[in-house]
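Some notes on the structure that comes next.
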Amino acid sequence: MKKLLLTGFEPFLEFPINPTEKVVEALNGTKIGDYEIKGVLLPVDFKESPVKILEAYHEHQPDAVISLGLAGGRNSITPERIAINCRDGEPDNSGARLEDSPIDEEGPDGYFSTLPIRKLVNRLKENGLPAEISNTAGTYLCNNVMYTILHEIKKSGREIPAGFIHIPASHQLAAKSKRSLPSWSDSDLQDAVKKMIEAL
Ligand code: PCA
């Protein structure tokens with residue numbers, strides 16, 4: 001059976017819960033469509049998260065990679081179109097703050113997702129789940145992880161589907177948040193991720 005590496009992130013900044021953690025924990029070890037799921041949680045740390053995802057990639061030799069991140073404030077599931085060679089923005093969980101910093105000095109400016117993002121969005125919408133393609137993964141940890149894994153896959157000469165998908169807040173997170181956040185149930189978030197894996 002083929003393997004799919006599914007990653008999520010720990011809580012960060014003003015978000016005391018990261019719903020991607022629950023999705024990854026729930027789906028780890030399960031079989032979805034053609035894939036057995038290897039779930040891994042990543043730290044919100046510019047130095048450590050690339051190390052962790054590359055370790056998992058080399059350990060599991062997956063046939064597909066989907067990384068998940070929270071986009072607090074978005075109301076749809078949003079597969080990302082592109083990762084850019086830039087780190088900038090808020091401090092990470094270890095306090096590191098980067099400004100206009102390339103992820104890889106020698107790397108290309110960007111990488112397009114190799115996930116079938118249009119198909120994923122259409123599959124969710126057919127199932128009554130709001131989804132749209134996002135044209136920016138930002139310049140924080142999610143973009144960093146997406147760029148890192150696509151760069152590694154390219155360098156290794158493999159051609160596998162890989163990319164990043166931002167998900168909205170869960171109800172539990174929205175209930176704890178000081179600002180108003182659109183939210184989904186954990187079970188709908190899980191269901192959406194399953195449907196996308198089935199569509200691969
Ligand atoms: N979302 C952040 C980092 C961790 C996460 O879940 C981002 O969009 O970069």
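Please read these numbers as outputs of a predicted model, since none were measured by experiment.
One hydrophobic cluster holds both Val121 and Ile66 under the rule that ILVMFWY side chains link at heavy-atom gaps under 4.5 Å. No path of Ile, Leu, Val, Met, Phe, Trp and Tyr side chains, each step under 4.5 Å between heavy atoms, connects Leu115 with Met146, placing them in separate hydrophobic clusters. A continuous path of ILVMFWY side-chain contacts below 4.5 Å connects Tyr140 to Leu150, so both sit in one hydrophobic cluster. Linking Ile, Leu, Val, Met, Phe, Trp and Tyr whenever their side-chain heavy atoms come within less than 4.5 Å puts Ile103 and Val65 in one cluster. Note on Val193: it clusters hydrophobically with Ile133, by side-chain heavy-atom contacts below 4.5 Å among ILVMFWY residues.
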Hey, mind stepping through Leu141 and Leu42 against side chain to side chain contact (heavy atoms under 4.5 Å, CB included) and telling me if it holds? CA-CA 10 Å; Leu141 268 294; Leu42 302 176; over 6 Å; no
Derivation and outcome, side chain to side chain contact (heavy atoms under 4.5 Å, CB included), residues Leu173 and Ser183: CA-CA 8 Å; Leu173 171 57; Ser183 60; over 6 Å; no
Go through the steps to decide whether Leu129 and Arg123 satisfy the test side chain to side chain contact (heavy atoms under 4.5 Å, CB included), and finish with yes or no. CA-CA 9 Å; Leu129 295 165; Arg123 179 65 65 92; over 6 Å; no
Worked check of side chain to side chain contact (heavy atoms under 4.5 Å, CB included) between Ser113 and Arg81: CA-CA 5 Å; Ser113 175; Arg81 194 189 297 275; 5.9 Å; no
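When every heavy atom of Arg97 is checked against every heavy atom of Pro91, the shortest pair comes out as NH1-CD, 3.9 Å. Of all heavy-atom pairs spanning Asn75 and Pro182, the tightest one is CB-CB, 3.6 Å. Counting all heavy atoms, side chain and backbone alike, Arg179 lies closest to Gly72 at NH2-O, 3.6 Å. Here the closest heavy-atom approach between residue Asn143 and residue Ile82 is recorded as OD1-O, 4.4 Å. The two residues Gly107 and Asn85 come nearest to each other via the heavy atoms O-ND2, 3.3 Å. The two atoms that bring His60 and Leu5 nearest to each other are CD2-CD1, 4.3 Å, heavy atoms only.
With a 6.0 Å radius and a threshold of 12 heavy atoms from other residues, nucleotides or ligands, Asp109 has its CG atom at or below the threshold. With a 6.0 Å radius and a threshold of 12 heavy atoms from other residues, nucleotides or ligands, Lys3 has its NZ atom above the threshold. For Arg118, the CZ atom sits in a loose shell: 12 or fewer heavy atoms of surrounding residues, nucleotides or ligands are nearer than 6.0 Å.
Between the side chain of Thr78 and the main chain of His166, a donor-acceptor pair closer than 3.5 Å is present. Side chain of Lys52 to backbone of Pro43: no donor-acceptor contact under 3.5 angstrom is found. A donor-acceptor pair under 3.5 Å is formed between the side chain of Asp92 and the backbone N or O of Phe46. Asn18 places a side-chain N or O within donor-acceptor distance of the main-chain N or O of Phe9, the cut-off being under 3.5 Å.
Residues Thr114 and Glu159 form no side-chain contact, since every pair of their non-hydrogen atoms from C-beta on lies 4.5 Å or further apart. Using a 4.5 Å heavy-atom threshold, the side chains of Leu6 and Leu68 count as touching. Using a 4.5 Å heavy-atom threshold, the side chains of Trp184 and Pro19 count as separate. In this structure the side chain of Phe164 never reaches within 4.5 angstrom of the side chain of Ile149, judged on heavy atoms. With contacts defined as side-chain heavy-atom distances shorter than 4.5 Å, the pair Ile53/Val40 does not qualify. Between Glu21 and Pro11 the shortest side-chain heavy-atom distance falls below 4.5 Å. Looking at heavy atoms from C-beta onward, Phe15 lies out of side-chain contact with Ser177 at the 4.5 angstrom threshold. At a threshold of 4.5 Å between non-hydrogen side-chain atoms, the residues Phe112 and Ile117 do not count as touching.
Atom CG in Asn144 sits 8.5 Å away from atom CG in Leu98 (nearest 0.5 Å). Summarising the geometry, atom CG belonging to Asp34 is positioned 6.5 Å from atom CE belonging to Met1; distances are rounded to the nearest 0.5 Å. Note: Thr148 OG1 to Tyr57 OH = 13.0 Å, rounded to the nearest 0.5 Å. One distance of note links CD of Glu90 with CG of Leu13; it measures 5.5 Å at 0.5 Å rounding. Separating the CD1 atom in Ile165 from the CE atom in Met196 is a distance of 4.0 Å, to the nearest 0.5 Å. Rounded to the nearest 0.5 Å, atoms NZ (Lys31) and CD1 (Ile197) are 13.5 Å apart.
We find that Lys38 and Glu59 are not joined by a salt bridge, their nearest charged nitrogen and carboxylate oxygen being 4.0 Å or further apart. Salt-bridge check for Glu80 with Arg74: passed, with a basic side-chain N closer than 4.0 Å to an acidic carboxylate O.
The aromatic rings of His151 and Tyr111 are tilted relative to each other, their planes meeting at an angle between 30° and 60°.
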